[in-house]
Amino acid sequence: MKKITNSILNFMSTRLGFVLTLLLLYWFKTMWAYSVDFNLDIQGPYQIFLAVINPLPISLLFIGLALYIKRTKLFYSLAFGIYLLLFIWLISNSIYYREFTDFVTVNTMLASSKVSAGLGAAALELFRPWDVIYILDFPILAFFFFKKWIRMDNRPFNKRASFAVTSLSAMLFSANLFLAEIDRPELLTRGFSNYYVVRALGLPAFLGYSANQTYAANKERSKASEADLKPVEEYIQQHYAKPNPEYFGMAKGRNVIYIHLESFQQFLIDYKLKVDDKEYEVTPFLNSLYHSKETFAFSNVFNQVKAGKTSDAETMIETGLFGLNQGSFMVNYGGTNTQQAAPFILSKNGYNSSAVFHGNAGSFWNRNTAYKQWGYNYFFDASYFTKQNSSNSFQYGLNDKYMLKDSIKYLERLQQPFYTKFITVSNHYPYTTSLSGDDLGFPLAKTQDETINGYFATANYLDSSIKAFFDYLKESGLYKNSIIVLYGDHYGISNSRNPALAPLLGKNSETWSSYDNAMLQRVPYMVVIPGMDKGGIIDTYGGEIDMLPTLEHLLGIESNKFLQVGQDMLSPEHDQIVAFRSANYFVTPEYTSYSGRTYYTKTGEEITNPDEKTKEELDKIREAANLQLKISDSIQTGDLLRFFKGNDLGKVNPDDYSYTNSFKALKKIEKEKGDKSTSLYNQRGNQSTVDLFKAPTYKELHPEDDSSSSTETSSSSSK
Ligand code: GP9
Ligand code: MN
């Protein structure tokens with residue numbers, strides 16, 4: 001035993017041994033942070049493997065640089081110095097994470113006030129007793145050196161061997177990157193979430209990733225100037241579609257409730273799925289809304305998202321501007337750009353609060369940062385809801401029924417009128433949920449493609465969740481003074497799977513075309529105004545970019561005061577050119593251009609040899625669609641709103657918002673307002689309405705499983 005200890009100590013007393021000791025210590029501390037401090041949502045052996053190896057390559061690369069140094073003291077100082085820097089980066093993130101459930105980005109560091117918010121005075125409170133683990137090695141190492149159990153090695157390390165260490169670590173890093181791409185294709189280009197990058201590549205690599213993001217964004221930003229606003233402002237005024245006086249302001253002062261229908265396509269509306277000669281209505285409740293006189297139900301609205309998917313849809317409905325041509329706007333610019341988004345606009349137009357409800361981690365799509373720039377008062381993410389387990393959630397968060405039910409205790413405390421958004425998640429690829437199939441009495445489709453088979457079942461689950469929510473709204477009294485907007489964010493079945501879907505739509509897989517793909521980009525857009533009878537199905541062509549101006553006009557706010565590039569879909573002046581988020585892709589009632597081909601929208605007939613007149617018309621449409629994207633891009637990548645003085649909204653200060661302890665904050669406001677509180681809770685004599693939400697309980701859905709029957713009814717968090 002003594003022999004082994006001696007030889008270990010002897011090895012630690014060589015230069016390479018010292019470097020590897022530091023490497024091991026860094027690895028251990030990182031593992032500690034991964035499991036104790038961060039919530040990385042690591043799933044399956046592959047992701048565990050990636051997480052276990054990812055601290056090694058870069059730390060070896062950096063600490064290993066010291067091996068090139070000849071002088072003894074300098075070698076030890078440098079190796080230890082680099083180790084210290086890696087450690088500081090790790091511990092800063094651990095502490096920051098406790099307050100912000102996210103990692104420190106270069107942007108955050110540049111905006112120093114935010115860092116001090118996380119790491120300054122309040123930081124002391126964020127320390128935990130077990131943080132001792134992070135610093136335990138310092139006194140121990142010092143003691144070992146003091147006792148001469150470890151000694152300094154005066155022999156310089158061989159140059160070639162040093163180079164070998166550098167090359168090895170570089171190679172290991174490439175392998176890490178490669179394996180990470182396999183786990184999550186387009187990890188770095190799409191930037192889903194900071195924790196995806198950390199769990200796959202580690203914290204030092206995340207710093208590089210974040211620096212590059214900031215660099216790229218700043219390059220565009222610094223090129224822009226106030227003069228760039230001129231063409232933008234001209235476009236906004238010329239492109240403005242005046243409101244229809246019949247509808248302008250018809251929902252003024254009502255609560256706004258957005259319901260984000262995840263991956264929900266228009267073809268599901270009124271669709272009947274045939275399985276074994278029986279027909280099933282997939283979304284009976286949404287269909288009833290679609291045909292209601294209380295609903296402006298649009299039949300030709302297209303999604304306009306690109307790689308930012310959900311975040312692109314959110315960007316459009318909140319800011320009236322497009323997502324980016326590459327990556328996600330919310331991720332790359334959402335936390336830094338000056339923005340005038342719906343929650344902020346409404347807060348200046350008589351609205352008393354705003355909130356988002358979503359059962360996934362708050363950092364996904366950089367929501368927790370972007371929402372502050374949008375002026376959202378509250379963001380209830382997974383940490384506010386029932387704890388997730390394999391039967392109440394899957395991949396992207398808490399299942400919709402649980403999320404909606406769990407939201408009520410917060411919703412009822414919001415000061416009215418409020419602006420809210422509920423982001424559902426159960427109907428998300430790969431459409432497999434423990435609640436599908438027999439549990440809900442809804443059968444799976446029987447195609448060769450499992451994704452398609454599950455899609456109808458999860459859509460049906462979403463439908464019944466929405467019904468339960470509407471029942472609650474009616475029962476609680478919120479319904480009659482609200483406007484409820486439902487929209488699908490993007491396709492659920494990708495173009496590559498569409499040929500397999502074709503037979504279910506009465507089409508032929510063999511003759512399936514780009515035209516058919518384009519037509520399937522339709523998503524629902526339903527504006528429910530309880531008590532009105534002017535609704536019906538509206539065939540106007542439009543897209544997600546038009547949703548904000550439409551809402552603003554219904555609320556009696558003119559949209560041309562803001563830099564938004566869409567048009568009110570209820571306006572007679574709406575021009576019906578829908579630009580997809582790719583140059584030269586568009587749809588109008590007459591023409592469709594998609595994947596480099598052009599068609600007549602009505603018939604689907606391809607236009608191969610257009611005559612002069614058609615050519616001219618097509619050019620005009622193409623120009624208009626491209627211009628709309630260009631104007632939006634110039635605002636987004638140039639951060640042009642920072643120069644804008646065309647209205648008196650002012651600027652959001654993101655430091656005014658915090659998404660921790662929101663329940664407490666809500667109750668405090670309620671108490672301060674006393675009788676003047678406009679929350680539903682107060683209106684109902686301080687009685688909670690939670691029990692009015694009548695979704696089936698967990699037990700009803702899983703009669704076979706007694707043990708965890710309380711998961712749904714009890715809300716775990718009291719934040
Ligand atoms: C994640 C959810 C899904 O929180 O919104 O995003 P998507 O993958 O659809 O873009
Ligand atoms: Mn989505």
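Computed from a predicted structure; not experimentally measured. Both counts, for ligands and for their atoms, begin at 1 and track the order of listing.
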*asked:* With heavy-atom distances below 4.0 Å as the criterion, list the atoms of ligand 1 near Phe364.
replied: 1 (C), 4 (O)
*Asn495 and Asn498: side-chain donor and acceptor closer than 3.5 Å?*
yes
_As a test of understanding, state which of Tyr410, Phe380, Phe469 forms a ring-ring contact (aromatic ring centres under 6.0 Å, His included) with Phe422._
Phe469
*Check each of Tyr280, Tyr271, Phe264 against Phe456 using the ring-ring contact (aromatic ring centres under 6.0 Å, His included) test, and report the only one that passes.*
Tyr271
*Can Tyr429 be said to touch ligand 1, with heavy atoms closer than 4.0 Å?*
no
_Between the side chains of Asp516 and Lys507, is the shortest nitrogen-to-carboxylate-oxygen separation below 4.0 Å, so that they form an ion pair?_
yes
*After noting the C-alpha distance and the side-chain angles of Asp633 and Arg581, does the key distance pass the salt bridge (charged side-chain N to carboxylate O under 4.0 Å, His left out) rule?*
CA-CA 11 Å; Asp633 288 347; Arg581 177 66 274 200; 2.8 Å; yes
_Distance-only N or O hit between ligand 1 and His428, under 3.5 Å_ = yes
_I need the minimum non-hydrogen distance between Phe298 and Tyr290, along with the two atoms involved._
O-CE1, 4.0 Å
*With heavy atoms only and a cut-off of under 4.0 Å, state how His260 meets ligand 1: side chain, backbone, both or neither.*
neither
*If you measure every N/O of Trp365 against every N/O of ligand 1, is any gap under 3.5 Å?*
yes
*Considering only non-hydrogen protein atoms, determine which one is nearest to atom 5 (O) of ligand 1 and report residue, atom name and distance to 0.1 Å.*
Arg367 NH2, 2.8 Å
_Nearest heavy atoms of Gly362 and Asp381, plus distance in Å_ = N-OD2, 3.0 Å
*Distance filter under 4.0 Å to Asn360 heavy atoms, resulting ligand 1 atoms*: 1 (C), 4 (O)
*Out of Tyr525, Tyr487, Tyr376, which residue meets the ring-ring contact (aromatic ring centres under 6.0 Å, His included) rule with Tyr258?*
Tyr487
*Enumerate the atoms of ligand 1 whose separation from the nearest heavy atom of Glu262 is less than 4.0 angstrom.*
9 (O)
*asked:* Under 6.0 Å from the ring centre and within 45 degrees of the ring axis: does the NZ or CZ of Arg199 meet both conditions for the six-membered ring of Tyr196?
replied: yes
*Under 4.0 Å from a heavy atom of His490: give me the atoms of ligand 1 that qualify, with their elements.*
9 (O)
*Is the closest N or O pair between His358 and ligand 1 shorter than 3.5 Å?*
yes
*Centre of Tyr659's six-membered ring, under 6.0 Å away, within 45 degrees of the axis: is that where NZ or CZ of Lys372 sits?*
yes
*Under 2.8 Å from the Mn ion (ligand 2), which protein N, O or S atoms are there? Could you list them by chain and number?*
Glu262 OE1, Glu262 OE2, Thr310 OG1, Asp489 OD2, His490 NE2
*Can you find a heavy atom in the side chain of Tyr378 that is under 4.5 Å from one in the side chain of Tyr371?*
no
*Just jot down the ligand 1 atoms closer than 4.0 angstrom to any heavy atom of Thr310, in number order.*
3 (C), 5 (O), 6 (O), 7 (P), 9 (O), 10 (O)
